[in-house]
> 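Next up is a structure, given as structure tokens.
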Amino acid sequence: MGSLPTPPLNPLSSQEIPIKNKISDIKTLSFNKIPSWISLNNSSSSVAKNNQKQKGQVENLHLVSLTKQGKLNEAFEFLKQMDIEGITVNTQSYECLFETCGNMKSLSKGKKIHKRLVKFVKNPSGFVWNSVLKMYCECGCFLDARKLFDEMPKRNSFSWYIIISSYAQNGLFREAFGLLSVMDPMENKLVYASLIQEISRLELGKQIHSVVIKNRLTPDAYIDTALANMYATCECLDGSVAVFDGMSEKNVVTWTGLMVGYTQAEQHKEALALFVRMMEENIQLDEYAYSTVLKVCSFLNDYDSGRQIHGCIVKYGIDSDVSVGTPLLDFYVKCGKLDDACFAFKRISHPNDVTWSSIISGYSQYGKFEECIESFKNLRCEADISNPFIYTSIFKVCSALADLNLGMQVHADAIKRCSISELYGESALVTMYSRSGRLGDARNVFDSVDEPDTVAWTAIICGCSYHGHASEALYLFGKMRSCGVRPNSVTFIGVLTACSHSGLVFEARQYLDSMRSEFGIDATIDHYNCMIDIYSRAGNLEDALELVTNMPFEPNVASWKSLLGGCWSHSNVEIGKIASRNLLQLDPDDTAGYILMFNLYAWKGKWEEAAQIRKKMNERNLKKDVSCSWLTIKGKVHRFTVGDRHHPQTEEIYSKLEQLNSSCLHHNRNTLAHLNYDGSYIPFI
DNA sequence: ATAGGGTTAG
């Protein structure tokens with residue numbers, strides 16, 4: 001049950017998420033998605049007998065399928081059976097096996113296949129040899145890789161490329177340069193480009209630049225572009241610009257590369273200026289250039305430039321191209337123009353997962369929850385597309401709606417599709433469960449996180465705090481620190497809220513002070529407001545007032561409201577007057593300012609003053625904001641507002657409420673006061 | 001050789 005000023009949106013709560021028919025999916029899937037339980041073992045020999053020409057083809061395909069799924073043990077078992085049946089393993093299968101062994105860094109299996117290759121395959125092609133070489137490189141086994149490379153019967157420029165770029169990727173620049181020096185540079189420009197691409201240290205970059213010059217590989221658009229990008233990677237934008245300016249032939253890739261360089265150096269204005277130059281020089285722009293410049297506009301929040309660029313895109317007729325349309329729609333999302341984003345989205349002829357995640361996250365970020373869920377439903381009906389980004393956004397929407405039913409469905413769906421993003425998705429799930437009243441499930445999700453980061457820890461700490469489990473929240477905060485994870489400003493909101501709920505005034509003050517001294521985090525006004533709330537709730541109204549007036553921020557509505565709330569709970573008219581006066585000065589339309597003060601005067605029997613307040617409120621024609629609460633039962637949302645008697649079971653509900661209320665009587669008057677304040681029994685106006 | 005998406009609070 002939650003309480004929000006806006007009515008809950010719950011478009012999916014009583015419906016199922018559309019899940020595409022699994023069987024029909026499988027028919028259209030490519031072979032590598034066929035699950036391994038569809039075994040061809042039993043039928044394989046008969047298939048082979050029926051079609052002698054295709055002997056072994058089905059088996060090899062199955063072998064490839066198992067391998068591509070990473071089921072290497074099953075693949076090896078199947079390989080044994082193929083041997084028993086006398087079926088030859090073809091070249092494609094070998095290549096695939098080496099590729100997967102490399103990807104999975106399974107050196108022992110890779111070596112076995114290598115031995116097999118040598119034993120069974122006469123005169124393998126250069127292509128196969130390169131796949132063996134790549135496997136050794138990817139497994140990080142450079143001794144074997146080098147041995148193979150030196151002895152390789154069919155060595156081509158791709159072999160040089162594989163080993164040299166692998167050396168470079170692993171930081172083995174000495175070895176990379178060693179091989180480079182014995183290679184024919186003119187025949188292997190690609191190798192140079194790949195090596196240049198891997199360099200992220202300026203000294204090394206300069207060295208290779210001089211090698212390039214010495215070997216007369218420049219001027220060359222390809223090489224020089226790589227060099228310019230390399231300087232950008234080494235955070236030496238001057239170097240990039242120098243190479244760029246020295247180039248006589250620049251192509252669109254060169255220009256775009258420098259634009260990206262400016263972006264990475266957070267010089268977005270310069271990037272945009274470069275784009276303008278590109279247009280002036282009549283460079284034929286491609287989708288990469290548009291994509292990059294649109295991201296620049298997003299960063300700059302430059303709606304006008306973006307719209308002009310949109311115009312060019314339409315003129316060139318590429319707004320339906322997914323690689324331009326997606327950054328375009330995301331640009332509109334970042335500018336908060338969701339209608340424009342939606343328009344751009346609809347123009348894209350083949351939206352991909354990035355497109356969908358961009359529009360869905362847009363709706364989620366701007367609180368368009370209904371549209372967000374609607375898009376998600378459309379996606380599930382229209383295409384077999386999903387990714388962890390999309391689910392993360394949906395989890396967030398479920399949190400906002402506190403819709404446990406939908407949240408659990410989507411969670412299950414995400415598990416089936418392996419689409420829960422580490423940390424991002426997991427943290428969103430923690431919040432989703434905790435805000436839906438399932439702290440235990442939130443904890444389960446948190447406990448399953450491999451290495452929780454600041455955000456994940458913060459999510460569970462805030463969850464505990466939200467549920468009033470202050471000591472657990474503070475315990476987790478300690479544990480977070482002992483795990484060496486640094487808290488941030490949001491973490492302290494959670495910690496301070498926890499203190500607030502259990503009246504830990506002294507501890508809260510210590511946490512607040514430790515922010516700067518121990519963690520180097522500057523407290524924001526939100527942190528001070530938490531502290532004011534803590535003092536106020538605990539009845540330390542003088543301390544609270546002192547903090548409001550002397551904190552390093554101008555008090556805002558929330559600061560005074562906390563103080564006024566405390567004055568009401570602790571019946572302090574004097575400070576209450578100060579608080580309400582300031583509150584109403586900042587926001588004369590804030591009803592809480594009037595109501596709390598009215599209640600305070602009324603409680604004290606100061607009817608005249610109370611009437612004054614009420615008069616002022618009437619003069620401004622203010623009505624108390626109507627809050628609503630809701631709960632979902634069997635997928636149906638039951639919504640309640642103050643004094644509401646529309647529900648078919650009104651009588652039962654009110655009698656239960658009466659019962660609950662009388663059992664609360666022994667509590668302090670705050671409990672009742674809050675009920676009154678909500679207007680459930682004595683409507684204020 | 002160049003491009004596009006997500007998380008924690010109130």
Side-chain angles (χ1 to χ4, degrees), chain A residues 189-190 192-194 196-197 220-230 232-233 250-261 263 285-296 298 321-331 333-334 348 351-362 364-365 387-396 399 419-432 434-435 446 449 452-463 465-466 487-497 524-527 529-530 533 556-558 561-562:
Chain A
K189 278 194 171 177
L190 195 75
Y192 271 89
S194 79
I196 293 166
Q197 195 196 347
D220 175 276
Y222 206 87
I223 294 282
D224 292 336
T225 303
L227 281 171
N229 293 337
M230 179 273 293
T233 311
K250 308 183 196 50
N251 58 28
V252 64
V253 181
T254 320
W255 286 87
T256 310
L258 188 59
M259 242 181 11
V260 172
T263 314
L285 300 168
D286 66 1
E287 58 268 54
Y288 286 84
Y290 280 118
S291 178
T292 307
V293 75
L294 284 166
K295 195 179 180 190
V296 169
S298 306
D321 184 327
V322 64
S323 49
V324 178
T326 303
L328 180 64
L329 98 83
D330 196 58
F331 156 74
V333 165
K334 296 273 152 61
I348 300 171
N352 63 19
D353 65 315
V354 182
T355 318
W356 282 101
S357 42
S358 183
I359 190 80
I360 286 176
S361 87
S364 145
Q365 279 167 38
N387 69 25
F389 289 77
I390 294 169
Y391 281 95
T392 304
S393 293
I394 302 295
F395 295 152
K396 196 184 161 179
S399 299
S419 287
I420 298 174
S421 148
E422 274 183 29
L423 298 175
Y424 282 87
E426 289 166 332
S427 301
L429 275 172
V430 169
T431 304
M432 191 271 283
S434 91
R435 292 193 51 138
F446 176 78
V449 179
D453 64 349
T454 302
V455 175
W457 280 104
T458 303
I460 192 66
I461 289 169
C462 291
S465 161
Y466 190 76
N488 65 14
S489 130
V490 184
T491 319
F492 278 98
I493 297 281
V495 167
L496 292 172
T497 312
T524 67
I525 191 164
D526 296 323
H527 298 97
N529 285 344
C530 281
D533 196 56
N556 62 15
V557 168
K561 215 186 269 185
S562 288

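Since we're looking at a predicted model, the values are computed, not measured. Lettering of chains follows the sequences in order, A, B, ..., and the numbering in each one begins at 1.
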> Expressed as a whole number of angstroms, how long is the span from R435(A):CZ to dT7(B):C1'?
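To the nearest whole Å, that distance equals 14 Å.
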> Touch check for S323(A), heavy atoms < 4.0 angstrom, all strands: base, sugar-phosphate only, or nothing?
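Base contact - S323(A) has a heavy atom under 4.0 Å of at least one base atom.
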> When we call it a touch if two heavy atoms are under 4.0 Å apart, what does N529(A) touch: a base, just sugar-phosphate, or nothing?
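Since no nucleic acid heavy atom lies under 4.0 Å of N529(A), the category is nothing.
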> Quick one: E287(A) CD to dA3(B) P, roughly how many Å, whole number?
13 Å
> Taking all non-hydrogen atoms of both residues, which atom of G425(A) and which atom of I420(A) are closest, and how far apart?
C-CG2, 4.4 Å
> Looking only at side-chain atoms of Y288(A), point me to the closest of dA9(B), dA3(B), dT8(B).
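Nucleotide nearest to Y288(A)'s side chain: dA3(B).
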> Any idea which heavy atoms bring P351(A) and V322(A) closest together, and the distance?
CA-CG2, 4.1 Å
> Rounding to a whole Å, what distance do you find between D353(A):CG and dG4(B):P?
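Taking atom P of dG4(B) as the reference, CG of D353(A) is at 14 Å.
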> Tell me the interatomic distance from Y290(A), atom OH, to dG4(B), atom C1', rounded to whole angstroms.
16 Å
> Would you mind classifying the nucleic acid contact of Q365(A) as base, sugar-phosphate or nothing, using non-hydrogen atoms under 4.0 angstrom?
sugar-phosphate
> Between dT7(B), dG4(B), dA3(B), spot the one nearest the side chain of V455(A), thanks.
dT7(B)
> Scan V260(A) against the nucleic acid and name what it touches under 4.0 Å (heavy atoms): base, sugar-phosphate only, or nothing.
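It contacts sugar-phosphate atoms only.
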> Mind checking V322(A) for me? I need base, sugar-phosphate or nothing, with any heavy atom below 4.0 Å counting as a touch.
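The residue V322(A) makes base contact.
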> How long is the line joining CZ of F446(A) and C1' of dT8(B), in whole Å?
12 Å
> Round to a whole Å and report the spacing from CG of L258(A) to C1' of dA1(B).
13 Å
> Which nucleotide sits closest to the side chain of V490(A): dT8(B), dT2(B), dA1(B)?
dT8(B)
> Starting at CG of D353(A), measure out to OG1 of T355(A) and round the result to the nearest 0.5 Å.
7.5 Å
> D526(A) has a side chain; which of dT7(B), dG4(B), dG10(B) sits nearest to it?
dG10(B)
> Which is it for T256(A) and T292(A) under the side chain to side chain donor-acceptor pair (under 3.5 Å) test, yes or no, and what are the steps along the way?
CA-CA 7 Å; T256(A) 310; T292(A) 307; 5.5 Å; no
> Check this one for me: any side-chain N or O of K295(A) less than 4.0 Å away from OP1 or OP2 of dA3(B)?
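Answer is no, no contact under 4.0 Å.
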> Determine the minimum heavy-atom distance between I223(A) and A193(A), stating which atoms define it.
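Closest approach of I223(A) to A193(A): CD1-N, 4.2 Å.
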> Once you apply a heavy-atom cut-off of 4.0 Å, does N251(A) come out as touching a base, just sugar-phosphate, or nothing?
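Base, at least one base heavy atom under 4.0 Å.
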> Of all the choices, dT8(B), dA9(B), dA3(B), which nucleotide is nearest to the side chain of T458(A) once you look at every atom?
dT8(B)
> Just the rounded figure in Å: distance from C1' of dG10(B) to CD1 of I493(A).
7 Å
> Please round to the nearest 0.5 Å and tell me the distance separating atom CG of D526(A) and atom CD1 of I493(A).
5.0 Å
> What nucleotide among dG4(B), dA1(B), dA3(B) has an atom nearest to a side-chain atom of V253(A)?
dA1(B)
> Quick one: N556(A) CG to dG10(B) P, roughly how many Å, whole number?
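Between P of dG10(B) and CG of N556(A): 15 Å.
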